[in-house]
Amino acid sequence: MSDLGFGVVGTGFIAGIVANAIIAAKGVKLSAVSSRKIDNARAFVSERPGAAAVEGIDALLARDDVGAVYVATPTAAKEAVALSAIAAGKHVLVDKPLLDADSVRRMTEAASAKGVLFMDATHFVHHPRTEAILAGASEKIGQPKSLHTTFYFPFDDRENIRFDLSQEPMGAVGDMAWYSMRAVVEYLHPEGALSKVAVVPEFDPTTGAVIRVSGLVGFESGEAATFDVGYTAGTAIMDLGLLGTGGMISMDDFVLDWNNSFAFNNAEIPAGYTYRSGMADRSAFAFVETPAEASQDSLMIQHFAEVASAGDRTAYAASAKASLATQRLLDAVWRACQTGADAKVPAQK
């Protein structure tokens, strides 16, 4: 089987991270990089030999060596790019944030109709740790009931796109709370419909962008998740606690593992999670190591290529379902931020 050729749309920071992951991953190759300005594409590929620089999305989609497209444009442009790639018969990997659930639905339905894979580029779900937690959660902690996540990194550059409401309308909600909502989908698995959303947002006084939000989402079946995300804590925080009927699983690096990720690379800190149950003090907490053969962004690319190449429509549907479920929760949080009160929870479609 030949390697799956990737075309990258966008030349920003995260595009560089994923392009490097494509180069490092097995079963794929970086074929081409597209930008509206050819000079940007040329500068990008100059550091990544073997990839072609092209101007515009049409030139990228016309290439026979591009079987999949990674979309790393500003949120405002992602749907149009993704739909063009899908129409051309390309599998699509789309970076978050996404615009809203209606946008995600249009993209996933188009992908399903065309018979190609749609996946959002959430790295942590592809780490072996996620699979290990899901496989062992019921035995270790019983039925999951509540989830607590905190995700901060220090950031205050108002010239950055995160503060530009025309391109990234949700600010820290789309940028950071996405991971908290995806953790709900992956780890909590609520059985009932969303019934409660309450938030306390903080807005940047200059740009109006959301820079912090604390909140809660609750479900008719009794599960609940609290979250605290943003740019204002002055340090990197990536804490997660999953509480069940018989114990607790926790991590302090649930988004980007300390051991091997694009932001951190400390071989002395093993990847894994902590488990505790009963009246145990800290000395009795158990650390479960979950080593990975590669960084989670490279594993994401490899998993994407494997799913795309297998052509399993069930796996395609599961990927789309996870994206849509995450975005629905995020939309509810965003509506609550805009109203400044508890959000009205829409009926599930």
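Only this structure's heavy atoms are used, side chains among them; waters, hydrogens and symmetry mates stay out.
Side-chain contact check for Ser261 versus Phe264: some heavy-atom pair is nearer than 4.5 Å. Using a 4.5 Å cut-off on side-chain heavy atoms (C-beta onward), Val8 and Ser34 make no contact. Using a 4.5 Å heavy-atom threshold, the side chains of Leu147 and Thr149 count as touching. Using a 4.5 Å cut-off on side-chain heavy atoms (C-beta onward), Ser295 and Phe262 make no contact. With contacts defined as side-chain heavy-atom distances shorter than 4.5 Å, the pair Met170/Trp178 does not qualify. Inter-residue side-chain proximity for Met248 and His148 is flagged as unmet; no heavy-atom pair is nearer than 4.5 Å. Within the 4.5 Å cutoff, no side-chain heavy atoms of Ile133 are placed close to those of Thr130.
Aromatic pair Tyr70/Phe6: centroids not less than 6.0 angstrom apart. Taking the six-membered ring for Trp and the full ring otherwise, the centers of Phe153 and Tyr231 sit less than 6.0 Å from each other. Aromatic ring centres of Phe124 and Phe254 lie closer together than 6.0 Å.
The neighbour count for Asp156 CG, taken as heavy atoms of other residues, nucleotides or ligands under 6.0 Å away, does not exceed 12.
Donor-acceptor pairing under 3.5 Å is recorded for the side chains of Glu168 and Thr75. No hydrogens or angles considered: a donor-acceptor pair under 3.5 Å links the side chains of Glu79 and Ser103.
Salt bridge Lys37/Asp39: absent, no basic N to carboxylate O contact under 4.0 Å. Looking at Arg158 and Asp204, a side-chain N of the basic residue comes within less than 4.0 Å of a carboxylate O on the acidic one, giving a salt bridge. Salt bridge annotation for Arg182-Asp120: present, with a cationic side-chain nitrogen under 4.0 angstrom from a carboxylate oxygen. A salt bridge links Asp175 to Lys96: one of the charged nitrogens lies within less than 4.0 Å of a carboxylate oxygen.
When Asp257, Asn259, Asp253, Thr290 are each tested for a side-chain hydrogen bond (donor to acceptor under 3.5 Å, both in side chains) with Arg129, only one passes: Asp253.
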